[in-house]
Amino acid sequence: MAQTDTISTNDFIREIIDEDLKAGKNSGRVATRFPPEPNGYIHIGHAKSICLNFGIAAQYGGTCNLRFDDTDPSGESLEYVESIIDNIRWLGFDWKERQFFASDYFERLYQFALQLIKDGKAYVCDLSADETREYRGTFTEPGKESPYRNRSVDENLDLFERMRAGEFPDGSHVLRAKIDMASPNIVMRDPVIYRIKRGEHYRMGNKWVIYPMYDFAHCLSDALEGITHSICTLEFENNRPLYDWILDQLLEGDRPRQIEFARLNISYTVLSKRVLIELVTKGYVKGWDDPRMPTVAGMRRRGYPPEAIREFCAQIAVAKNDNLIDVALLEHCVREELNEKAPRAMAVLSPLKVIIDNYPEDKTEEFECANHPQNPAMGARTLPFSRELYIEREDFQEDPPGKYKRLAPGREVRLRSSYVIKYESMVKDDKTGEIIELHCTYDPDTRDAAPADGRKIKGVIHWLSARHCVPAEVRLYDRLFGVPNPAAGEEEFTSYLNPESLETLNTCFVEPALKNASPGSRYQFERLGYFCADAKESTPDGRPVFNRVVALRDAWGKIAEKGKA
RNA sequence: UGGGGCGUCGUCAAGCGGUAAGACACAGGAUUUUGAUUCCUGCAUCCGGAGGUUCGAAUCCUCCCGCCCCAACCA
């Protein structure tokens with residue numbers, strides 16, 4: 001199962017849990033939760049949290065709830081709820097029937113708020129948002145108490161009930177916890193716990209006009225669900241005293257404990273939800289599942305296997321250091337998984353016609369070709385061979401640089417799973433000088449054997465029979481986003497956009513069997529990279545579309561690069 | 001600036017007083033009908049800095065330096 005393969009062996013969170021267990025807390029139970037707000041699609045940063053929470057639950061024989069933290073009606077929607085459910089399942093995790101919504105707790109949360117008021121620990125405040133900010137003070141100066149801070153319990157009760165009844169306009173009143181306006185921790189300076197906010201809630205409709213704030217709703221939701229360890233990101237560390245304060249006022253006995261870890265950052269990748277939302281709504285990408293997006297849906301469509309994402313989450317481990325993970329690690333995890341699982345297939349992205357002069361015009365042979373060079377269990381398929389072929393344009397060089405081992409004037413090269421061919425001549429376009437076709441001869445004795453005379457053939461290239469192959473469209477997605485460099489004035493997300501992030505190749509060919517590649521199936525196109533049949537699109541004329549998942553490691557690229565330098 | 005958190009290889013990250021794991025990246029080499037894969041090899045005398053305690057410190061103490069978070073009626 002996916003649930004247990006994602007646990008790093010040495011994380012500080014486990015130490016805390018082990019301590020709690022040893023101390024006999026929570027009667028030996030471990031219960032975690034993944035609490036997304038349904039205001040966008042989840043991305044790989046969420047995947048880290050998902051693997052962590054579900055992983056810990058599995059490891060301790062505990063449970064992990066899925067809870068939608070839907071306490072702010074603006075921006076939340078059912079579409080997001082559905083996408084989140086779909087994406088977590090795809091990642092390989094199962095929360096059984098334990099699916100909850102903070103909005104289902106609104107009535108109970110309201111009762112908790114009433115209790116706080118009755119105990120003299122919360123009050124209705126009439127200050128405007130601006131005034132509230134002024135009264136809050138600064139980092140160095142304490143805040144001032146609100147003039148409404150000492151209203152009577154009865155008045156507060158009356159006002160809060162009328163807030164709920166919709167008697168007041170948005171922003172005119174809030175409910176605040178009465179804590180300490182002089183606290184050095186600004187979170188504790190009488191935080192707002194309820195606000196009036198009209199606008200339809202995607203689940204509750206217009207039933208409520210007051211909504212609890214995160215700090216009030218989250219800790220109580222955790223408690224209501226019997227969560228033992230509430231794992232969140234580092235920016236909530238300042239909120240932990242408030243988390244504890246609220247529970248202290250209202251509950252007795254075992255209580256959930258908040259633990260923070262560092263959120264994920266990946267080089268060249270934007271994981272800001274705000275920016276991702278903007279990219280989608282302003283049309284910079286085709287949608288949340290655009291293969292360039294770092295969302296789970298985007299990575300899925302691009303062809304990242306869920307196993308690779310889980311492996312990545314296990315590799316990066318969990319700690320409290322700020323981090324910037326090299327995107328190469330993610331790509332490594334994808335290659336590692338795909339190298340083992342993806343069948344090999346022949347494809348030519350930029351075709352160059354090759355005519356085998358000494359091969360009969362109407363002859364066709366069928367060559368057996370292993371689907372995986374190291375795994376015979378994956379079987380084989382037959383590839384048709386004929387007089388006219390396509391090879392990759394890059395696999396012929398008229399004037400080859402040193403160390404180049406593919407086709408060139410006077411040279412021989414092996415066609416993978418087929419014959420050794422020898423260059424004879426080329427045909428160029430008179431006007432442009434572009435190479436139109438190559439003429440070669442084949443050595444009939446080299447079909448499944450090395451040349452009899454013992455000469456070494458260094459290069460092996462991929463090929464396709466021109467008569468048999470099928471046209472396709474290939475999309476080469478590169479890393480879409482660059483890390484913004486504030487020093488260079490890069491603050492606007494549009495400046496992250498890489499204009500070369502999507503290259504569509506229209507004159508590609510793939511082997512016949514891939515004409516009807518099943519959506520989402522992944523292949524290694526020999527020497528080119530890993531590709532995934534797009535699950536959503538094909539071209540108007542019915543050609544299959546393949547997304548490049550990730551390129552192969554490229555030793556020649558490095559050699560060529562060095563040659564330049 | 002007050003409070004909170006964090007500083008171990010280019011990037012992550014173990015380490016919890018006994019003399020610096022591992023992964024990615026990188027660099028060499030071997031095998032290879034994918035310049036892929038696989039396989040070897042190398043890669044922190046040093047743990048933000050300076051003092052101190054100790055037979056012995058990345059680990060304990062002191063001071064200093066740097067980075068991140070908090071002044072939404074967002075989460």
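The figures here come from the full heavy-atom set of this structure, side chains too, leaving out hydrogens, waters and symmetry mates. This one's a predicted model, so the numbers in the text were calculated from it and none came from an experiment.
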C1' atoms of B/C60 and B/G18, separation to the nearest Å:
14 Å

Which residues share a salt bridge (charged side-chain N to carboxylate O under 4.0 Å, His left out) with A/Asp70, sequence neighbours left out
none

Could I get the full list of salt bridge (charged side-chain N to carboxylate O under 4.0 Å, His left out) partners for A/Arg164, not counting sequence neighbours?
A/Glu107

Enumerate the residues from residues 548-555 of chain A whose closest heavy atom to RNA chain B is under 4.0 Å, giving them by residue number; use none for an empty result.
A/Leu552, A/Arg553, A/Ala555

Counting only side-chain N and O atoms of A/Lys320, is one of them less than 4.0 Å from OP1 or OP2 of B/G7?
no

Not counting sequence neighbours, which residues clear salt bridge (charged side-chain N to carboxylate O under 4.0 Å, His left out) with A/Glu167? List them please.
A/Arg162

Answer yes or no: side-chain N or O of A/Glu311 and base N or O of B/A23 forming a donor-acceptor pair under 3.5 Å.
no

By side chain to side chain donor-acceptor pair (under 3.5 Å) - contacts of A/Thr446 (at least two apart)
none

Residue met sooner reading RNA chain B from 5', once A/Glu237 and A/Thr140 are mapped to nucleotides:
A/Thr140

I need the full list of side-chain hydrogen bond (donor to acceptor under 3.5 Å, both in side chains) pairs touching residues 171-186 of chain A, with sequence neighbours left out, sorted by first then second residue.
A/Asp126-A/His173

Contacts of A/Phe106 that satisfy ring pair (Phe, Tyr, Trp, His ring centres under 6.0 Å) - sequence neighbours left out:
A/His201, A/Trp208, A/Tyr211

Give me, pair by pair, the N or O atoms of the protein and of nucleotides 39-41 of chain B that are less than 3.5 Å apart, along with how far apart they are.
none

State which residues pass side chain to side chain donor-acceptor pair (under 3.5 Å) with A/Thr382; sequence neighbours excluded, sorted by chain then number.
none

How would you list, by chain and number, every residue that makes a ring pair (Phe, Tyr, Trp, His ring centres under 6.0 Å) with A/Tyr419, sequence neighbours excluded?
A/Phe367, A/Phe385, A/Tyr442

Residues which pass salt bridge (charged side-chain N to carboxylate O under 4.0 Å, His left out) with A/Arg335, listed by chain and number, not counting sequence neighbours
none

Under 4.0 Å protein heavy-atom contact, by nucleotide of nucleotides 64-75 of chain B - B base, S sugar-phosphate only
----SBBBSBSB

Counting only side-chain N and O atoms of A/Arg527, is one of them less than 4.0 Å from OP1 or OP2 of B/G35?
yes

